[in-house]
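Notes follow the structure.
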Number of protein chains: 2
Amino acid sequence: MNRPFKFAMLLFTVIVAFAFGCNQPQTKTGNAKQETTVATDPLPSWNEGLSKKSIVDFVNNSTKEGGSNFIPVADRIACFDNDGCLWSEQPMYFQLAFAIDRVKAMAPQHPDWKTIQPFKAILEGDMKTVMAGGEKALMQIVMTTHAGMTTDEFDKTVKDWMATATHPKTGKHYNEMIFQPMVELLNYLRANGFKTFIVSGGGVDFMRPWVEQAYGIPPDQVVGSSGKVKYDTLNGKSVLIKLPEINFIDDKEGKPVGIHQYIGKRPVFTAGNSDGDYAMLQYTSTQSGPHFGMIVHHTDSLREWAYDRISSIGRLEKGLDDAQKYGWLIVDMKQDWKKIFPFEK
Amino acid sequence: MNRPFKFAMLLFTVIVAFAFGCNQPQTKTGNAKQETTVATDPLPSWNEGLSKKSIVDFVNNSTKEGGSNFIPVADRIACFDNDGCLWSEQPMYFQLAFAIDRVKAMAPQHPDWKTIQPFKAILEGDMKTVMAGGEKALMQIVMTTHAGMTTDEFDKTVKDWMATATHPKTGKHYNEMIFQPMVELLNYLRANGFKTFIVSGGGVDFMRPWVEQAYGIPPDQVVGSSGKVKYDTLNGKSVLIKLPEINFIDDKEGKPVGIHQYIGKRPVFTAGNSDGDYAMLQYTSTQSGPHFGMIVHHTDSLREWAYDRISSIGRLEKGLDDAQKYGWLIVDMKQDWKKIFPFEK
């Protein structure tokens, strides 16, 4: 499959899910129980149990100098998927919500969109027609909203959207819908000498403007899909122009490739939630030294969403089938997480 | 110019220089004077003077909280070219010496190379004939020596070469020919909260195996040219196979592009030595906030090499012409550096 086509297919999948409601979002009830935790617990939003214990055991063993599972600091590379692993991804990838909002925001400058597809359909909320436009329509949406401006301008657009747009079900800003237990896990790993990276199919220019504040992960530790950019000077100032051309798709087998190209070291800890993460989990788990792989399983239809094998967003099938073979921890969101979002009481 | 062609041209340039001896290397005499330095001097291999003072002033100002030139820690991104900036690049880029040595090492497994160009010519030390093969011959050399193995195998090959090969003039291992004043500068910046990156036209897979030990720069903070890799599993183990296809050329206008794609933030400090660094210096120096650009000028024909405007390796012309316009510091290696290589007495 060629790259632009793959990228379009990613979007196509989510739009199908969006239009047909394959993954019915449930109203969040915020029923996380209040529990007393030890003050020094690095993972207070994780319930006691096998999942939490296996994470803590791995970190303890990998930092125990002289132990057989010790990992030198320089090799403590931890990679995390983003959509569905560090924040929610329902009822559609949040980046797609951004793209649709951008079409709407840009519409006044493009009066012709009222009659030209797929923009007409988006403006009318008619996703069925958008879908009927297939790959071509989806590429048009992505390229129109993610190219044709400087990287600085795009950065500002993302920040503005993140500060104003809200999720249709929770009413919260999208960057508030991050998973508190995963934020704690990132902090816990960093406190133990691990360097934390995002390795996501999402757009790198879409993530970098907000992930440092949300997760403590700086821009240079974010690996993602990207478009090409072109260097230019405007009025004596250097700029980079975002071009309507795919540069890299960081999904499936692209994830270990992205890890090599951007990080240059095989991770010892990897977390994902869908079969898009299978290859990077496998890349982590087939090395001879100590390693840890985990999959966030969306099992909580009340506090978040419940989906796996037949979902068009974040499908998780191979990961469940092969978890035992590779020793991957399946984190059960409903059972293992005391709290899901930071805004829960 | 298309990418494979650009890459071949880089190699072509150095082979021309190599064959015709445009840059006559001088015997290093190691005449660095012994001087008493203050124990707390973070840059002991830099002579006192304007260059050293301007670096120290910039660092002091950028770390003075409340000052008008203060730079928050998260924005303290420092980018360094490698060839000719952090280590020597004469009489040919060290990566080309590696490629030629690889052809020789691989020759016993390729008996046909005795009769097939450009390999025959390399094995006979006949660089004139290699050159006559043009772009095609050079691409063959690169692709034969840098592809067709796993990334782990290539990594080991580079480490083995670095541990055994020696420079034709100094007799030192190539990774001993790093610039001591630049190593001190990297340490000094890091001690002041700067995150240091390499942004080099050299191959990223060639640099990563040794730069952490040499410069204290971890693999994920190395941006460079790269070939494509393919994910695969061999005997149940995940591997990445290096393919004979260009992925990214990190040179000239490619440098700010690479900085955006891999680092995602505009640097505030950039060091280079040739016109290949002009665009990234310009990208750094046309921002409105505080910034620092410097160019290492090769002026020491005795201790290192002296070359600039007419050199085919590391040509420095535009950088000298526009240094004043952009406020770039021109570091005079002969005047400013007390010591060049760590192995000097």
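Labels below follow one simple rule: chain letters A, B, ... track the order of the sequence lines, proteins then strands, and each chain is numbered from 1.
Remark: A:Asp155 engages A:Lys159, A:Pro209 in a side chain to side chain contact (heavy atoms under 4.5 Å, CB included) (not counting sequence neighbours).
Residue contact with chain B, scored on non-hydrogen atoms closer than 4.5 Å, involves the backbone and the side chain of A:Gln261 alike. Using a 4.5 Å cut-off between heavy atoms, A:Lys255 makes no contact with chain B at all. Looking at A:Pro218, only its side chain comes within 4.5 Å of chain B, counting heavy atoms on both sides. For chain B, no part of A:Asp232 is nearby; none of its heavy atoms comes within less than 4.5 Å.
Atom OG of B:Ser226 sits about 8.5 Å away from atom OH of A:Tyr262, to the nearest 0.5 Å. Separating the NZ atom in B:Lys237 from the OG atom in A:Ser285 is a distance of 10.5 Å, to the nearest 0.5 Å. How far OG1 of A:Thr233 is from CD of B:Gln282: 6.0 Å, rounded to the nearest 0.5 Å. Once rounded to the nearest 0.5 Å, the distance linking OG1 of A:Thr151 with CD1 of B:Ile259 reads 11.5 Å.
The minimum heavy-atom distance linking B:Gly264 with A:Pro219 is given by the pair O-CB, 4.0 Å.
Residues from residues 316-324 of chain A never place a non-hydrogen atom less than 4.5 Å from a non-hydrogen atom of chain B.
Just one residue in the list A:Lys195, A:Lys265, A:Arg266 forms a salt bridge (charged side-chain N to carboxylate O under 4.0 Å, His left out) with B:Asp220, and that residue is A:Lys195.
The aromatic rings of B:Tyr283 and A:Tyr231 sit perpendicular to each other, their planes meeting at more than 60°, with 30° as the lower class boundary.
Heavy atoms from other residues, nucleotides or ligands lying under 6.0 Å from CD of A:Gln287 number more than 12.
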- Message: Would A:His260 and B:Asp205 count as a side chain to side chain contact (heavy atoms under 4.5 Å, CB included) here? Give the steps.
- Response: CA-CA 9 Å; A:His260 176 73; B:Asp205 287 350; 2.9 Å; yes
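For the pair B:Thr286 (side chain) and A:Ser238 (backbone), a donor-acceptor distance under 3.5 Å is present.
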